[in-house]
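Comments concern the structure below.
Chain identifiers are assigned alphabetically (A, B, ...) following the order of the sequence lines, protein sequences preceding nucleic acid strands; residue numbering begins at 1 within each chain. As the structure is a computational prediction, the values presented were derived from the model and not from experiment.
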Number of protein chains: 2
Amino acid sequence: MNTLSYGLLALLARKRSSGYDLMLRIQPFWQAKHSQIYPLLSRMEEQQLLTAEWVKQTDKPDKKIYAITPLGEQRLHEWMQMPASEPVTRDELVLKAFCLWITDKDTALALFRKRSIFYQEQIHYFEQAIHKMPDESHQFGSQDFGLYILRQKALGTARSNMEWTTWVIDMLKNAAPPEMSSEPQHH
Amino acid sequence: MNTLSYGLLALLARKRSSGYDLMLRIQPFWQAKHSQIYPLLSRMEEQQLLTAEWVKQTDKPDKKIYAITPLGEQRLHEWMQMPASEPVTRDELVLKAFCLWITDKDTALALFRKRSIFYQEQIHYFEQAIHKMPDESHQFGSQDFGLYILRQKALGTARSNMEWTTWVIDMLKNAAPPEMSSEPQHH
DNA sequence: AGTAGCATGTAATGGGTTACATGATTAC
DNA sequence: GTAATCATGTAACCCATTACATGCTACT
């Protein structure tokens, strides 16, 4: 039972779904490919945490619908009683920032401008996602309260990071040019 | 050549160091254990990206000092020209938040209070780390400029996340109690 | 005598990505 | 036709953690 399995249990506790659907729904919160999810679901079925059932479809390929069992729900409750382990972030830009000093201004600007677009897209996505949520989701007790606060967290972090990139880009733009330019700088 | 190898090259471009030292210095930016770093350094030495030299010590055990080669520096420059891949965060609390609705208020409070302490410690660490940096590091061109902006980024994110936890904790405290309590709530 | 920090390594295992593989339906 | 989306699976490989293993010095 790794963290991803609990994430799948958490999704299935809300509603029975196919592996494909779970794969799509877990993406914003925990990246995982279908090749990791399908075998995990099989193992969880063996362990009696889930039950599976084939559902025929006429418009689309048939699918296997998983549902959480009472044992699965019990495990989920036990997991919720344990403290959450510390978050881990892997960001290549962080390592690149570490050797900015061996690069020129334009290379640095390209890196941060690209990341800036990424954060801007995140802000836009989470803003509209929060906007579309009903007011009930703002209350503890609502099934979507967790989703609501997670989107608020993601939005806050994206905004903070966005401000950081614009701050860095401004510093880079106002930095002295490398050499041979006798042109005056306007800042 | 994976991302971690470039991180090690980046550190070695600043100053020659032992594997043990690299392991400690890379922690704040990319988590990796010594068992991953030592074999990587050996392979990078084989690929002529690094050179190694044993240095004798009297007070502490002898150590193997690695230095970057011109080929290593070339690879580092090539890597800097490529856009940084998107950041990935894995946070168990995110998945737990997703099934807050199956839990009680106290379990939820315990989770967020613990995380709140974590962010508070991060804020404290990065504040003092930034405070100790010399003014030169605030300028592009300084060798420590990258470190400076990374710490600012980490501080901003930690503050944003800290505000988020206090916001969530307040909502939880003001939420209606589960049942059977006829005691008046004071908020 | 025991613990903590410095220092280096390997082995086993688990987590995660990429690639391989198949096949249905719908829309252009 | 062919691309896109839905749908499920396996195999190979790489990345990362835990555990195993050793040994020095300094401090209590």
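For the pair B:Y66 and A:W30, nearest-nucleotide mapping onto DNA chain C gives the more 5' position to B:Y66. Between A:P61 and B:Q36, the residue anchored closer to the 5' end of DNA chain C is B:Q36, taking for each the nucleotide with the nearest heavy atom.
The A:W54 side chain lies nearest to D:dT8 when the options are D:dT8, C:dG16, C:dC6. Listed nucleotides: D:dC6, C:dG9, C:dG15. Nearest to the side chain of B:Y38: C:dG9. Closest to the side chain of A:K63, out of D:dA7, C:dC6, D:dT18, is D:dA7.
Computed from coordinates, the A:K60 NZ to C:dT26 P distance equals 10 Å when rounded to whole Å. Going from atom CG of A:D59 over to atom C1' of C:dG23 covers 15 Å, rounded to whole Å. Regarding A:M23, its CE atom lies at a distance of 14 Å from the C1' atom of C:dT17, rounded to whole Å. For the pair A:L4 CG and C:dG16 C1', the computed distance is 10 Å after rounding to whole Å. Rounding to whole angstrom units, CG of residue A:L41 and C1' of C:dG15 are separated by 16 Å. If you take NE2 of A:H34 and C1' of C:dG15, they are 16 Å apart, rounded to a whole angstrom. To the nearest angstrom, C1' of D:dA16 lies 13 Å from CD1 of B:I26. In this structure, CE of B:M1 is placed 15 Å from C1' of D:dC14, rounded to the nearest angstrom.
Between B:F140 and B:F145, the ring-plane angle classifies as perpendicular under the 30° and 60° cut-offs.
Residue B:R90 places none of its side-chain N or O atoms closer than 4.0 Å to OP1 or OP2 of C:dG15. Contact annotation: A:Q57 reaches the phosphate of D:dA7 (side-chain N/O to OP1 or OP2, under 4.0 Å). OP1 and OP2 of D:dT8 both lie 4.0 Å or more from every side-chain N or O belonging to A:Y20.
Because its NZ or CZ atom is not both nearer than 6.0 Å to the ring centre of A:W54 and within 45° of the ring axis, A:K63 does not count as a cation-pi partner of that residue. Geometrically, A:R115 does not engage A:F112 in a cation-pi contact, judged by NZ or CZ lying under 6.0 Å from the ring centre and within 45° of the ring axis.
Among the atoms of the strands shown, base atoms are found under 4.0 Å from some heavy atom of A:K33. Base contact: A:S35 has a heavy atom under 4.0 Å from a base atom. Counting any heavy atom pair closer than 4.0 Å across all strands shown, A:S18 reaches sugar-phosphate atoms only and no base atom.
In summary, the side chains of A:E136 and A:S142 do not present any donor paired with an acceptor at a separation below 3.5 Å, with no hydrogens or angles considered. Side chains of A:Q31 and A:Q27: a donor-acceptor N/O pair is absent below 3.5 angstrom, by distance only.
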